[in-house]
Amino acid sequence: MTAATDNDTSGGPVRRKKDKTHYLYLAVIVAVIAGVAVGMLFPEFGKGLKPLGDIFVDLIKMMIAPVIFCTIVLGIGSVRAAASVGKIGGLAMAYFVVMSTFALGIGLVVGNLLKPGTGLNLPAEAGGGAKYADQAHEAGGTWDFIRGIVPDTLFSSLTSGSVLQALLVALLVGFALQAMGGAGEPILRGVAMVQKLVFRVLVMILWLAPVGAFGAIAAVVGATGFEAVKQLAWLMVAFYATCLVFVFVILGLLLRFVANLSVFKLARYLAREYLLIVATSSSESALPRLIAKMEHAGVEKSTVGIVVPTGYSFNLDGTAIYLTMASLFIADAMGAPFSIGQQFSLLLFMMIASKGAAGVTGAGLATLAGGLQTHRPDLLDGVPVIVGIDRFMSEARALTNFSGNAIATLLIGTWTKTIDRDRTVEVLDGRAPFDEETMVDDHDLPAAEGAPSGGGAEVAQAR
């Protein structure tokens, strides 16, 4: 937002601070172009810049747990009916299972129709896939995954880096404050002030995005060059096209049918988050901003605080498409395609494995290797073949996962009637700009007396 004034709900002018953050995102674009140039001209130097990108993503991840904790505690603590929270969570989980399974099916259909690996006769790297399968085994099975949700201590959930641990503790604290009633209001106000502080710190970190983007892009171009990308270009094109169709056609039609909202306007509203994800290849880098923007768009805190963090672990549509298409590609490229029965068996395995992918280091490759080792061990050594382009494909995965979670928030908000649709239309039409400086609206603070405000339904007031 660059306008100096705007109108509030009473028709009077509202003074706004000039938005300087558009310079940041222009700098990100320049940094990406510079990173490509450095990676091509000085590949060894470019590969050495990888820590710049890693450090930036680590800084973002550092903020995820406190953002989730504050958002969920404020959301649930302000709701007086616990049943409504359970309804939102149950509906969200059901939706995530259905859409992730559908995404896996889409990947299988497209992979079988286009067969991007057929005829390439790519050589396998002997023993190269074992290290990725080992990563999958180290992550443990289903029970280990469930046990990992419970933190060692109440406070370690905010320091372990686990989204699900932070989610669990935030739910417990939120319900506890809900049960305390009016006695919990001072604590809610304190958490709200901490939330404002957290977002201020996050804004400071985001000014390092150009440095992180430059290092990450220079490293990947320096490591792979363009020959590897050209060799596997057909898989990349097919994957990107599938993700675009899934988001703008399938999810777009669902958003239009259920909420009567435009997916294209939503994409424009989230444009800066998309750019941040492209620069880092991590949808986690935009998670705090998605929470803030969904609240600003009129979805109640209780819904945003449950759907968004849970979706980051259970609603991985882009990862689901990637797992099936990459599996079929490796099989076709090595001249040993899957049978129909093996494909359905693989789909069932990936449906479960993809739910824990967010908690595995090198999640995409590790889960892919785990699926191949279970169903077709002879294809395991083909996994390293796609490592060269995995970094590029991870951008499409992250963008699809992010879009799916944004759309899921609006859909579930509509189904549970926890969304101010007039406010949402106003925001998506660009008539109520998001405050890039604070990322949180003052009117969302709980009132000194009475119930806290319901999550972003009003137009931002003057500061």
Side-chain angles (χ1 to χ4, degrees), residues 21-63 122-132 134-135 161 202-237 239-240 272-286 322 326 360-366 368-369 382-399 402:
T21 58
H22 63 282
Y23 296 115
L24 168 63
Y25 294 93
L26 290 176
V28 169
I29 295 175
V30 173
V32 169
I33 296 174
V36 171
V38 169
M40 290 180 61
L41 298 175
F42 311 101
E44 291 302 319
F45 177 72
K47 287 188 288 185
L49 296 176
K50 185 177 183 295
L52 292 177
D54 295 340
I55 291 172
F56 175 71
V57 174
D58 289 342
L59 285 171
I60 294 294
K61 290 181 178 180
M62 174 182 73
M63 304 303 299
L122 296 177
E125 178 185 329
K131 61 181 179 181
Y132 298 109
D134 289 342
Q135 293 179 26
L202 182 62
V203 169
M204 294 165 61
I205 291 174
L206 288 177
W207 281 100
L208 297 175
V211 178
F214 173 73
I217 297 298
V220 70
V221 174
T224 64
F226 277 99
E227 288 304 316
V229 177
K230 292 177 182 177
Q231 186 182 14
L232 304 175
W234 183 222
L235 172 63
M236 291 179 59
V237 170
F239 180 63
Y240 271 72
R272 292 185 171 183
E273 287 68 39
Y274 287 140
L275 184 57
L276 184 61
I277 291 171
V278 168
T280 62
S281 289
S282 171
S283 58
E284 287 186 343
S285 62
Y322 165 81
V360 183
T361 301
L365 289 173
L368 173 63
V383 173
V385 172
I386 65 168
V387 170
I389 62 167
D390 181 74
R391 171 63 167 76
F392 295 97
M393 295 177 71
S394 68
E395 294 178 352
R397 290 201 302 266
L399 289 169
F402 179 83

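Predicted model, so just to flag it, every value in this text is computed and none were measured.
The CG atom of Leu49 sits 11.5 Å away from atom CZ of Phe42, with the distance rounded to the nearest 0.5 Å. To the nearest 0.5 angstrom, Tyr240 atom OH is 10.5 Å from Leu235 atom CG. In this structure, Ile277 CD1 and Arg272 CZ are separated by 14.5 Å, a value rounded to the nearest 0.5 Å.
Across all non-hydrogen atoms, the minimal contact from Ala286 to Phe402 is CB-CE1, 3.6 Å. Residues Pro210 and Ala31 approach most closely at O-CB, 3.2 Å, considering heavy atoms. Across all their heavy atoms, Phe239 and Ala396 have their closest contact at CE2-CB, 3.5 Å.
The closest side-chain heavy-atom distance from Leu276 to Glu273 is not below 4.5 Å.
A salt bridge (charged side-chain N to carboxylate O under 4.0 Å, His left out) check over residues 27-44, counting only residues at least two apart or in different chains, returns the pairs Glu44-Lys47.
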